[in-house]
2 protein chains.
Amino acid sequence: MENTNHPEYEQPAITIDLVIFTVNDDELKVLLIKRAQEPFAGAWSIPGGFLKLAESLDDAAIRVMKDKTGVKEVYLEQLYTFGMPNRDPRTRVITVTYFALIPWQNLRQPESNQVTDLAWHRVDQLPAQLAFDHREILDYAINRLRAKASYSNIVYGLLPLRFRLSDLQKIYESIIDKELDKRNFRKRMLATGLLEETGKKELKGAHRPAMLYRFKKREFVVLD
Amino acid sequence: MENTNHPEYEQPAITIDLVIFTVNDDELKVLLIKRAQEPFAGAWSIPGGFLKLAESLDDAAIRVMKDKTGVKEVYLEQLYTFGMPNRDPRTRVITVTYFALIPWQNLRQPESNQVTDLAWHRVDQLPAQLAFDHREILDYAINRLRAKASYSNIVYGLLPLRFRLSDLQKIYESIIDKELDKRNFRKRMLATGLLEETGKKELKGAHRPAMLYRFKKREFVVLD
DNA sequence: CCAAAAGTGTTAGTGGTACACCCATGT
DNA sequence: ACATGGGTGTACCACTAACACTTTTGG
């Protein structure tokens with residue numbers, strides 16, 4: 001923390017990479033992008049970009065999010081900084097990683113016949129080879145998400161404003177990849193005091209309509 | 001993550017800064033260093049240094065640790081990366097921070113009359129002004145340590161190889177800044193199965209000698 | 001009337017918390 | 001003998017986990 005501009009300390013490049021999660025079709029998914037150029041041309045990677053000189057790390061992450069998904073208001077959290085000297089074969093690159101949560105409903109779906117290099121992949125069916133150390137980054141992010149789901153209300157980032165308790169339960173189940181008891185789950189969720197009722201609605205037709213709930217506050221809270 | 005060497009993306013400097021904890025005299029303390037040069041000349045700061053081009057982030061942290069404390073084998077964990085554009089008034093500096101735990105007994109104590117710019121400060125009696133955003137970094141580190149102490153065996157990093165259960169309890173108490181019930185504490189600790197007995201020893205004279213324990217494994221474990 | 005998801009309580013076990021006295025030693 | 005920390009058990013409470021049937025709707 002002494003001198004900058006010191007010749008001995010030539011500087012690495014800094015990128016921001018994002019692990020963007022959503023839940024759709026009862027499966028936890030991440031957004032991957034197919035690389036066009038070498039190195040790792042054709043391989044899937046997590047979205048990222050270079051840090052601009054005047055922007056904060058968080059702002060860079062928000063910028064990348066918006067570029068790739070069109071969504072700006074999401075749960076976003078710094079994950080870890082990866083900096084093995086050889087993680088990029090070209091030159092030294094330090095990447096500050098983030099993870100983000102987006103409700104599936106908030107995503108503008110891509111035009112049907114549009115060719116795109118972006119795709120959502122189930123976390124339990126990832127491509128065998130990912131670019132750079134992105135597999136390691138993804139594993140780290142999945143572990144963080146699972147841990148936080150168990151002791152916080154972080155899943156609000158994956159849910160629309162109003163939702164059924166069964167939707168909430170399915171989100172939890174897809175994250176931790178385990179089935180939960182319906183009665184105990186509802187009891188526990190309502191006991192947190194973080195939810196409130198709204199009006200009813202019938203969805204998916206032929207059955208008793210479900211009460212829709214919302215989070216009183218859409219912000220991170222640690223439970224207990 | 002596309003082109004490097006792109007003119008638009010001039011690179012910030014990268015430093016590694018460390019929050020180094022120990023417990024001494026039943027108080028949680030951090031190592032601070034008094035800055036000799038501007039900016040913030042005379043202010044206390046956490047130890048750090050520039051990342052070298054060929055070394056990993058972890059290696060840089062270990063290097064700084066060894067330089068400042070002489071100790072190499074410690075608990076070390078990446079904390080967070082701070083990168084507000086104006087956090088260093090001179091130029092853009094991104095700092096990857098770590099926190100470290102050292103048993104007080106492992107430190108080679110400085111020669112008594114040696115003038116030094118290094119000093120251990122109680123975390124509840126920090127200087128009002130710290131250099132850069134180091135206050136924010138310290139607060140972040142303290143919170144992380146408190147959280148991890150409550151759900152892991154991380155305190156092994158603050159203890160010598162052999163210790164009394166009352167030492168262990170005092171470490172916990174100084175971290176979370178709360179008193180604990182002796183019987184419940186012992187029950188819980190022994191129930192983890194992470195400790196084992198060694199031989200007896202009498203310390204601090206006039207009372208019944210205490211059994212010394214050790215951690216079966218000196219590695220991070222999440223409890224329950 | 002049938003299918004499909006919504007909604008609802010009780011019990012047994014487990015883990016956390018509160019709490020007070022005797023023990024082994026040095027001086 | 002006294003001062004000092006070492007060491008020990010029990011009872012209550014709260015939370016967790018297991019478990020099955022009725023309700024409301026659409027077709």
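Proteins get letters first, then strands, A, B, ... in listed order; numbering begins at 1 in each. Predicted model only: the values in this text are computed from it and were never measured.
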What about [X]: does its side chain form a donor-acceptor pair under 3.5 Å with the base of [N]?
X: Lys200(A); N: dT25(D); value: no
X: Arg183(A); N: dA20(D); value: yes
X: Lys187(A); N: dT10(C); value: yes

**OP:** Take Ala206(B) and Leu190(B), find for each the nucleotide of DNA chain D with the closest heavy atom, and name the residue whose nucleotide sits nearer the 5' end.
**Re:** Ala206(B)
Subject >> Nearest-nucleotide comparison on DNA chain D, the residue closer to the 5′ end among Asp181(A) and Pro209(A) >> reply: Asp181(A)
Original post:
Of the candidate nucleotides dG6(D), dG7(D), dA6(C), which contains the atom at the shortest distance from the side chain of His207(B)?
Top reply: dG6(D)
Quick one: [X] [atom1] to [N] [atom2], roughly how many Å, whole number?
X: Lys182(B); N: dT8(D); atom1: NZ; atom2: P; result: 10 Å
X: Leu195(B); N: dG7(D); atom1: CG; atom2: P; result: 13 Å
X: Leu212(A); N: dA6(C); atom1: CG; atom2: P; result: 11 Å
X: Leu168(B); N: dG6(D); atom1: CG; atom2: P; result: 12 Å
X: Phe185(B); N: dG6(D); atom1: CZ; atom2: P; result: 12 Å
X: Lys201(B); N: dG6(D); atom1: NZ; atom2: P; result: 15 Å
X: Arg208(A); N: dA6(C); atom1: CZ; atom2: P; result: 10 Å
X: Leu165(B); N: dG5(D); atom1: CG; atom2: P; result: 16 Å

Original post:
Counting any heavy atom closer than 4.0 Å, what does Arg186(B) reach on the DNA or RNA strands: base, sugar-phosphate only, or nothing?
Top reply: base
Answer yes if the ring centres of [X] and [Y] are under 6.0 angstrom apart, and no otherwise.
X: Phe185(B); Y: Tyr172(B); result: yes
X: Phe40(A); Y: Phe132(A); result: yes
X: Tyr98(B); Y: Tyr80(B); result: no

Original post:
Would you say a side-chain N or O of Ser166(A) is under 4.0 Å from OP1 or OP2 of dA6(C)?
Top reply: yes
**OP:** Would you tell me if any nitrogen or oxygen in the side chain of Arg164(A) comes within less than 4.0 Å of OP1 or OP2 on dA6(C)?
**Re:** yes
Original post:
Taking the inter-plane angle between the rings of Phe99(A) and Tyr75(A) on a 0 to 90° scale, is it parallel (under 30°), tilted (30 to 60°) or perpendicular (over 60°)?
Top reply: tilted
**OP:** Inspect the surroundings of CD in Glu179(A) and state if more than 12 heavy atoms from other residues, nucleotides or ligands are less than 6.0 Å away.
**Re:** no
